[in-house]
Structure formats: structure tokens, C-alpha cells
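Residue numbers start from 1 in every chain, and the chains themselves are labelled A, B, ... in the order their sequence lines are given, proteins ahead of strands. Since this is a predicted model, take the numbers as computed values, not measurements.
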Protein chains: 2
Amino acid sequence: MTSTATRSRENTRARLLDAAAQVFAEAGLDGATVEAVCERAGFTRGAFYSNFESKDELFLTLAGTVAEERLNAVREQVTGMAAEGALGDADPVELVQRVMDAGGDDRLSVMLMSEIRIRALRDPAFGEAFLAQESELVASIAEIIRDIVDTGAIALRLEPDLAARLLMIAWEGMTVRGAMAADGEARLHDIASEALGRLVEALTV
Amino acid sequence: MTSTATRSRENTRARLLDAAAQVFAEAGLDGATVEAVCERAGFTRGAFYSNFESKDELFLTLAGTVAEERLNAVREQVTGMAAEGALGDADPVELVQRVMDAGGDDRLSVMLMSEIRIRALRDPAFGEAFLAQESELVASIAEIIRDIVDTGAIALRLEPDLAARLLMIAWEGMTVRGAMAADGEARLHDIASEALGRLVEALTV
DNA sequence: GTCTATAGACAGATAGAC
DNA sequence: GTCTATCTGTCTATAGAC
């Protein structure tokens, strides 16, 4: 049923979304021009307006797919870790880092998330959606925390939900600051990881 | 030595900066127009370009004053708390909240800080300045933490510097999410405070 | 034939800077 | 208030792929 035409169309949309992620991250939602997105994707504006209603619809679609991918990545990590039964004996610090790695920590992801965050602050409806999606993410992280605690390997000084939320926020804050440092993002991940590890140690008994 | 002319000039600059804080917060750095800033300040664009070289210089100046005010507010709280000798017996949770209150937590401050953060991500030189200023802030917070620990009233499960950094990041993350919630900012401060308090409890012995 | 993408030009609006 | 530059969104005529 999927004709080559629709396949090609999906492909065009995907390429436009990929390009949009880069351009929005680099120039910001306002600074990014439809022209720039098209140029990077290798299309003309004609193709763009044949696939998206407006720049705003493009951004909303992009934000939706990013959110979905983030959530899926974390959930896969969670179910994967549960399946391999690495909960009881593994280092909790390492486990947390594995889950957090699922959310992007490269410079582009950080900047794109910042744009999404700004939009969530400015647009109440989008903000609610953002918070709802993030709550699902937190729930997934809290789930793995609960599983680990249930094995009796460690005890937590905070409820799993609040701990998950704080870990996520701390991770975000550290990666953002890492991305600001001019000396490259090589250390970005390491710095964030180390700080997160110390926080986890402090929160576990 | 300050003639009425320079006094008036300073006044104009101050009003433009106040207006800029609002407009930049609401519309973003790109979305904000010089016209909108002037209109809110009650001036024409002519007056603007007589006081600032460009929109960008206005933003940079504004970011500088915001950073300075933030740092001063926190330092005042710190020295104030040290002076009144409330360190030994007071609830550490309450102390942390007092310090954090010094950084703005209203909707406008949150959005303006987000704009500054985005710019810091995009402009390496500005990013370095931002990080340097924030390090001073962290140092001030760490100082008060160290003072409290020195009284022997509590012990910390984390070095004061890292604890200060994490508290600041957690505060920022919670206030941002509070500002996203459509149900108003009445609870913004309370939600952030509660989460912070729980974190402090978990980090203290 | 049908659908997608292209090039190019269009208007309308708006911005920054002076 | 002017000048210049730019962007969005639209439209047409055209070509290519299946």
C-alpha cells in the first residue's frame, strides 16, 4: 500500500526534519529560516511547503519526534537493564549513567532541547505537553530506581520519583554548562557523568 | 559633576534596560524588536540609538547588569546570614531557601535567564563569561555552606562546592518547570522550595 | 496520469540602523 | 521617517519518477 511516491514523501519529510534539528539548534527558532532548512536538506522551499504547513508546524513536529525518541531510548535502556538482570549487583552510579546516556548529550541535542524549553516557557499548551512528556520520562527512570531498591542492594534517601526528577534536572544542567565551555565537548559528557555519580552516591545509603 | 544632562541620560538608559528585560523575556532575543523596547520605555528609536550601538549591545549590557544584581543579591544574603549568626541553630533547609530566593524566581526572571542561557550556548565568549560569573555565585553559596558545616550543626555528604552547584542547578530546573505549568506561578516558588528542601535533607547527615 | 519536487518570482510585512 | 535588507507564504509553469 505504501507507494514509492509516499515513500519518497516520507523520506523528504525525514530529511527536512533532520536538517531542521540542526538549523533550529544553531540559529534558534526565530533565527532559523525556512530557506536555511531547505538548503541543508537539499530541497527548495517549494518542496518544503508541499510537506509542511509552516515553519511552526515543522518545529512542533520536530519537537514531537524528539520527545518520542528520547522516551523510547530511555525505556529501551530500562527494559534492557531489567532483562539482563544487572540490577542487583551493578554499581548504581553506572546504571544511572547508562540511563542518562539515552537522552542526547551532544552539543546539538543540548541546543535543540534549549529551544524546545524556551518554546515550552512561552506557549502554555506546548508547555503542558512538554511537562507531560517529561513526567513519563521521569516515571520510567523512577521505575528502574524502584527495581534496584527492591533488590535490597541499596536504599535511597529520597522517593524514587523525586530522585528521578532531580537526576534528570541535574543531568540537564550539567550538560548545558558543559556545552557552554569553549574547550570543546570532549569533556562535556565526563564532567556531567562525574557530578551525577557523586550525587547518586550521596543519595544512596 | 553629574550634570542634569548625564543624569537624564543615565535615566534613559536605565528605563531602556528595564523595558528590554521585559521585552526580551517575553519575545526572546530574536523576536524582540528595538521598536517594542522603545515603546515600552516611552522613547523613540532615535533615543535608543543615541544610547546604545545596537540591539545586541543592549542585550549584552542587560545580561551584565542582571548577572551583577544576582551576584550581589546572593552575597548580601550570605553576609547577612553570617552577621546575624543564624548559622548554628537554623534549619539548613530554610537557609538554603533564603539564599536561593535572592536569585529571581518570577516568571520574567526565568524567561530572561533562559534567553541569556541560550546566548551563552551559542556565543563561546559570552558562554565563558556566563560560566565565570556563575562560578562566583557558586563560590558564595559554597561559602555559606562551609560556614554552616564548620559550626558542626550538620555534616554534608558532598563537598560544599559541588553541593552548591547542584543546589543551584536544581533550583533553576524546578523554577523553569514551575513557570511552564499553566496553572500560574503562585505555586512556582513553593514547588521549587519543597523539592530543594527534600534534596537538602537527603544531602545532610 | 498522478504525484513530487524545482526554479523563480511575487507580495506583504517587518526589521535594524541611521 | 527613510532606506535597505530579509523572510514568510504563495503561486505558476515545468520537469521527472513510477
Side-chain angles (χ1 to χ4, degrees), chain A residues 1-65 111-112 115-116 118-119 122-123 126, chain B residues 5 8-9 12-64 111-112 115-116 118-119 122-123 125-126:
Chain A
M1 216 46 183
T2 47
S3 68
T4 51
T6 59
R7 235 191 309 140
S8 160
R9 193 170 181 76
E10 284 306 310
N11 188 278
T12 302
R13 280 179 66 94
R15 274 168 65 191
L16 283 169
L17 284 170
D18 272 354
Q22 296 174 36
V23 176
F24 281 138
E26 285 169 15
L29 178 47
D30 276 307
T33 69
V34 173
E35 174 72 38
V37 173
C38 294
E39 191 184 352
R40 182 146 333 189
F43 294 110
T44 61
R45 286 213 306 288
F48 174 82
Y49 283 105
S50 153
N51 280 279
F52 294 95
E53 199 179 55
S54 64
K55 183 168 83 163
D56 204 58
E57 197 220 303
L58 172 67
F59 178 77
L60 261 24
T61 304
L62 176 64
T65 65
M111 299 184 78
L112 185 55
E115 284 303 316
I116 292 174
I118 286 269
R119 172 62 177 263
R122 230 162 248 145
D123 178 345
F126 187 79
Chain B
S8 160
R9 191 172 181 77
T12 301
R13 280 179 67 93
R15 274 167 65 189
L16 282 169
L17 284 168
D18 272 354
Q22 297 173 35
V23 176
F24 281 138
E26 286 168 14
L29 177 47
D30 276 308
T33 69
V34 174
E35 172 73 37
V37 172
C38 294
E39 191 183 353
R40 183 149 330 191
F43 294 111
T44 62
R45 273 172 299 171
F48 173 83
Y49 283 104
S50 152
N51 280 279
F52 295 95
E53 199 178 54
S54 65
K55 184 169 82 162
D56 203 59
E57 197 220 303
L58 171 67
F59 179 77
L60 260 27
T61 305
L62 176 63
M111 299 184 77
L112 185 56
E115 284 304 317
I116 292 174
I118 286 269
R119 173 61 176 262
R122 230 163 248 144
D123 177 346
F126 187 80

| query | Is any side-chain nitrogen or oxygen of A:Tyr49 closer than 4.0 Å to OP1 or OP2 of D:dT10? | reply |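 For D:dT10, OP1/OP2 do not have a side-chain N/O of A:Tyr49 under 4.0 Å.
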
| request: Output yes when at least one side-chain N/O atom of A:Asn11 is less than 4.0 Å from OP1 or OP2 of C:dT4, else no. | output: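 A:Asn11 to C:dT4 OP1/OP2: no side-chain N or O under 4.0 Å.
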
Figure out the [atom1]/[atom2] separation between [X] and [N], and round it to whole Å.
X       : N      : atom1 : atom2 : result
A:Lys55 : D:dT6  : NZ    : P     : 16 Å
B:Glu35 : C:dA13 : CD    : P     : 17 Å
A:Glu39 : C:dA5  : CD    : P     : 18 Å
A:Leu29 : D:dT8  : CG    : P     : 11 Å
A:Phe43 : D:dA15 : CZ    : C1'   : 16 Å

| request: Taking the side chain as every heavy atom from C-beta outward, state whether A:Leu58 and A:Val37 have any pair of such atoms under 4.5 Å apart. | output: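 They are in side-chain contact.
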
| request: Side-chain contact test, heavy atoms from C-beta onward, threshold under 4.5 Å: evaluate it for B:Ser54 versus B:Glu57 and give yes or no. | output: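 The answer is yes; the side chains approach within 4.5 Å.
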
| field | Sugar-phosphate, base or nothing in reach of A:Ala36, heavy atoms under 4.0 Å | value |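 Nothing, no nucleic acid heavy atom in range.
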
| request: Give A:Gly42 one of three labels, base, sugar-phosphate or nothing, depending on what nucleic acid heavy atoms sit under 4.0 Å from its own. | output: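 The answer is sugar-phosphate, as A:Gly42 gets under 4.0 Å only of primed atoms, P, OP1 or OP2.
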
| task | Would you please classify the geometry between the A:Phe126 ring and the A:Phe59 ring as parallel, tilted or perpendicular, with 30° and 60° separating the classes? | result |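 Tilted, since the angle between the ring planes falls between 30° and 60°.
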
| said: On DNA chain C, does the nearest nucleotide to A:Ser50 precede the nearest nucleotide to B:Phe48 from the 5' side, or the other way round? Give the residue. | reply: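 Result: A:Ser50.
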
| said: Checking the side chain of B:Arg40 only, and the main-chain atoms of B:Ala20 only, is there a donor and an acceptor separated by less than 3.5 Å? | reply: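 Such a contact is absent between B:Arg40 side chain and B:Ala20 backbone.
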
